[in-house]
Amino acid sequence: MEKTWRWFGPNDKITLDMLRQIGVEGIVTALHHVPNGEIWTLEEIEKLRDMIEAHGMRWSVVESLPVCEAVKYGGPDRDGLIEKYKVSLANLGKAGVKTVCYNFMPVLDWARTDLDYPNGDGTTNLYFSRAEFAYFDIHILKREGADKDWDDATLVRVAELAKDMTPEREAKLVENIVIKTQGFVNGNFSEGELNPVEKFRELLKLYDGVDKEQLRANMKYFLEAIMPVCREYGINMCVHPDDPPMAVFGLPRIVTCDEDIEWFLNAVPDEHNGLTFCAGSLSAGAHNDVPALALKYAPRTWFVHLRSCDVLPNGDFKEAHHLAGRADIISLVRTFERVKPGLPMRVDHAMQMLGDEKMGYNAGYSFHGRMLALGQVEGVMATVAREISEEKMQNA
């Protein structure tokens, strides 16, 4: 697999020079300065591509060319937005950038409740508390009917949390769930948002009446509209699984499990309609057999995120070290290297360690933690490559 790294552009504290030194081959990035729904011009694309290539790497994957909310909920302006999206795709194709990771998650991209959960070894990682997330939903967002969407065991935990909750802890939850996991990408929220909870409520209203089947229909409509451009320029679209892989805030989620993945691949059976295999997102759901999913969907996978989660008995999950957790990354590398070698791969969310916490990196995107993860995965890749080579020699 190609060793890639998510880089947030020229303002990223982690520089291209640093990435070249640690063995990164390809860059995963986007035109973060272009507002959602606007066209990515060929000039701007080539400018960023040339900057990356001047540092000895290539622009391997776009993550992401955002799909606007109106496309997801089927607003009256969706056709115009899709036409702009098609122009941006064509410009990427002309510039030779042929893999586009995107998501079809309503309102909220990925969610965690704690961004620096302490581990016993002195590192910290990302953590999802089911009870704290439910508390946000019920007591801060005050979503109508929220308490009916949570199981009894979680509601008991929420009641316990409420006894000791403070305004400061509530503010931290808002910051973690709404701002710090969303604000550094081209999403609905940004750093310094004055009324994030009220804005969140307004965005939720846009999805009134949009159930799982309607969201699926809207995704199919979008994909069918863009496939001709993808075929013309050889662009591979790869949707990112929902994170976490479950319904949240009464919103439908449609890329959470085997049945979901099978549906969208069959709904638009074009090879350019594919999957970003995010082992971390999928392993956060106890219902997912991640190695089995990798084996089943490797032929339609165009991009791989390697990380792993531990799911706790109470439904919480935490990000594990890259060689631990339930994703079984060693098995995944074996699958992808055998079934579809050469895929771009990036190590995803990693621990904060060795001073990462002082650098102001984006949540989940530390330097030392990801560098360690990349070294671990590179070792696995080298071992698997030798296994495959020896197998070929024995069978020759």
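What you see is a predicted model; the values in this text were computed from it and never measured.
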For this session: Report the residues that fulfil ring pair (Phe, Tyr, Trp, His ring centres under 6.0 Å) with His240, sequence neighbours left out, ordered by chain and then residue number.
Result: His305
Exercise. Are any of the side-chain heavy atoms of Thr4 and Ile27 separated by less than 4.5 Å?
Worked result: no
For this session: May I ask you to check whether Asp242 and Trp110 show a side-chain donor-acceptor distance below 3.5 Å?
Result: no
Problem set entry | Chi angles and distances behind the salt bridge (charged side-chain N to carboxylate O under 4.0 Å, His left out) call for Arg370, Asp348 | CA-CA 7 Å; Arg370 281 192 289 166; Asp348 206 353; over 6 Å; no
Exercise. With ring centroids as reference points, do Phe264 and Phe104 lie under 6.0 angstrom apart?
Worked result: no
Exercise. Are Leu31 and Glu38 side-chain neighbours, meaning at least one heavy-atom pair lies under 4.5 Å?
Worked result: no
Exercise. Is there a donor-acceptor contact under 3.5 Å linking the side chains of Ser283 and Arg326?
Worked result: no
For this session: Give a yes or no on this: more than 12 heavy atoms of other residues, nucleotides or ligands lie within 6.0 Å of atom NZ of Lys212.
Result: yes
Problem set entry | Close side-chain approach of Phe128 to Lys318, heavy-atom, < 4.5 Å | no
Seminar exercise, completed: Minimal heavy-atom distance between Tyr297 and Leu265, with the atoms involved, is CD2-CD1, 3.6 Å
For this session: Report yes if some heavy atom in the side chain of Thr276 is under 4.5 Å from a heavy atom in the side chain of Trp302; otherwise report no.
Result: no
Exercise. Got a sec: does the NZ of Lys340 have more than 12 other heavy atoms crowding it under 6.0 Å?
Worked result: yes
Problem set entry | Within one Ile-Leu-Val-Met-Phe-Trp-Tyr cluster: Val239 and Trp263, side-chain cutoff 4.5 Å | yes
For this session: With salt bridge (charged side-chain N to carboxylate O under 4.0 Å, His left out) as the test, would you mind laying out the steps for Arg231 and Glu271 before giving the verdict?
Result: CA-CA 9 Å; Arg231 287 192 291 270; Glu271 66 172 348; over 6 Å; no
For this session: Give a yes/no verdict on a cation-pi contact between Arg78 and Tyr221, requiring under 6.0 Å between NZ or CZ and the six-membered ring centre and an angle within 45° of the axis.
Result: yes
For this session: Hey, could you give me the CG/CE distance between Leu306 and Met1, rounded to the nearest 0.5 Å?
Result: 5.0 Å
Exercise. Just wondering, do Arg169 and Leu161 contact through their side chains at under 4.5 Å, heavy atoms?
Worked result: yes
I'd like a table of donor-acceptor pairs (distance under 3.5 Å, sequence neighbours excluded) in which one partner is a side-chain atom from residues 90-102, with atom names and distances.
from, atom 1, to, atom 2, distance (Å)
Asn91, ND2, Trp40, O, 2.8
Asn91, ND2, Val87, O, 3.4
Lys98, NZ, Tyr233, O, 3.0

For this session: Just do the side-chain contact (heavy atoms from CB on, under 4.5 Å) check on Met351 and Thr124 with the steps written out, would you?
Result: CA-CA 6 Å; Met351 306 296 168; Thr124 65; over 6 Å; no
Problem set entry | OG1 on Thr335 to CD1 on Ile330, rounded to 0.5 Å | 12.0 Å
Exercise. How long is the gap from CG on Asp77 to CD on Glu83, to the nearest 0.5 Å?
Worked result: 13.0 Å
Problem set entry | Member of Glu175, Glu168, Glu170 meeting the salt bridge (charged side-chain N to carboxylate O under 4.0 Å, His left out) criterion with Lys172 | Glu175
Exercise. Rounded to the nearest 0.5 Å, how far apart are CG of Leu173 and CG of Leu141?
Worked result: 12.0 Å
Exercise. Looking at Ala111 and Leu108, what are the two nearest heavy atoms and their distance?
Worked result: CB-CD2, 3.8 Å
For this session: Show your reasoning for whether side-chain contact (heavy atoms from CB on, under 4.5 Å) applies to Val248 and Met246.
Result: CA-CA 6 Å; Val248 294; Met246 65 182 197; 4.2 Å; yes
Please list every donor-acceptor pair under 3.5 Å in which a side-chain atom of residues 372-379 meets a protein atom from a residue at least two apart or in another chain.
from, atom 1, to, atom 2, distance (Å)
Glu378, OE2, Lys3, NZ, 2.6

Exercise. With a 4.5 Å limit on heavy-atom distance, are the side chains of Val174 and Phe200 in contact?
Worked result: no
Problem set entry | side-chain hydrogen bond (donor to acceptor under 3.5 Å, both in side chains), paired with Tyr127, selected from Asp316, Asp116, Asn176, Asn119 | Asp316
Exercise. Is there side-chain contact between Leu126 and Asp114, with heavy atoms separated by less than 4.5 Å?
Worked result: no
Exercise. If you measure only the distance, is there a donor-acceptor pair under 3.5 Å linking the side chains of Gln214 and Asn218?
Worked result: yes
Problem set entry | Where Phe8 and Asp12 come nearest, the two heavy atoms and their spacing | N-OD2, 2.8 Å
Problem set entry | Shared hydrophobic cluster, Val67 / Tyr207 (ILVMFWY, side-chain heavy atoms < 4.5 Å) | yes
Exercise. Hey, are the side chains of Tyr85 and Val71 touching, using non-hydrogen atoms and a 4.5 Å cut-off?
Worked result: no
Exercise. Which heavy atom in Trp5 sits nearest to a heavy atom in Ser366, and how many Å separate them?
Worked result: CZ2-O, 4.2 Å
Exercise. Do Glu319 and Ser308 have side-chain atoms, one donor and one acceptor, less than 3.5 Å apart?
Worked result: no
Seminar exercise, completed: Nearest heavy-atom contact between Val61 and Trp59 is O-NE1, 3.0 Å
Problem set entry | Polar side-chain atom of Lys84 near backbone of Leu81 as donor-acceptor pair, under 3.5 Å | no
Exercise. Could you walk me through whether Glu63 and Arg346 pass the side-chain contact (heavy atoms from CB on, under 4.5 Å) check?
Worked result: CA-CA 11 Å; Glu63 187 175 352; Arg346 73 171 176 87; 3.0 Å; yes
For this session: Evaluate whether atom CG of Asp17 has more than 12 neighbouring non-hydrogen atoms of other residues, nucleotides or ligands under 6.0 angstrom away.
Result: yes
For this session: Enter the distance from Thr15:OG1 to His55:NE2 here, rounded to the nearest 0.5 Å.
Result: 7.0 Å
For this session: Using the side-chain contact (heavy atoms from CB on, under 4.5 Å) rule, take Phe277 and Leu332 through it: C-alpha gap first, then chi angles, then the decisive distance, then the call.
Result: CA-CA 10 Å; Phe277 195 93; Leu332 300 185; 4.2 Å; yes
Exercise. Regarding Tyr361 and Gln352, is there a side-chain donor-to-acceptor distance under 3.5 Å anywhere?
Worked result: no
Exercise. Are Arg334 and Glu387 ion-paired here, with the side-chain N under 4.0 Å from a carboxylate O?
Worked result: yes
For this session: Decide yes or no on salt bridge (charged side-chain N to carboxylate O under 4.0 Å, His left out) for Glu391 and Arg338, but give the supporting numbers first.
Result: CA-CA 11 Å; Glu391 288 171 5; Arg338 284 185 164 89; 2.5 Å; yes
Exercise. Does the ring center of Phe136 lie less than 6.0 Å from the ring center of Phe249?
Worked result: yes
Exercise. What heavy-atom pair brings Cys230 and Met237 nearest, and what distance separates the two atoms?
Worked result: SG-CG, 3.6 Å
Exercise. Which residue, Val24, Val28, Leu16, forms the side-chain contact (heavy atoms from CB on, under 4.5 Å) with Trp7?
Worked result: Leu16
Exercise. Does atom CD of Glu259 have more than 12 heavy-atom neighbours from other groups under 6.0 Å away?
Worked result: yes
Exercise. Under the salt bridge (charged side-chain N to carboxylate O under 4.0 Å, His left out) criterion, do Glu202 and Lys199 qualify, and how do the steps go?
Worked result: CA-CA 5 Å; Glu202 292 300 316; Lys199 184 174 182 179; over 6 Å; no
Exercise. Got a second to check how far Ile388's CD1 is from Thr383's OG1, nearest 0.5 Å?
Worked result: 11.0 Å
Exercise. Under a 4.0 Å N-O cut-off, is there an ion pair linking Asp243 with Arg112?
Worked result: yes
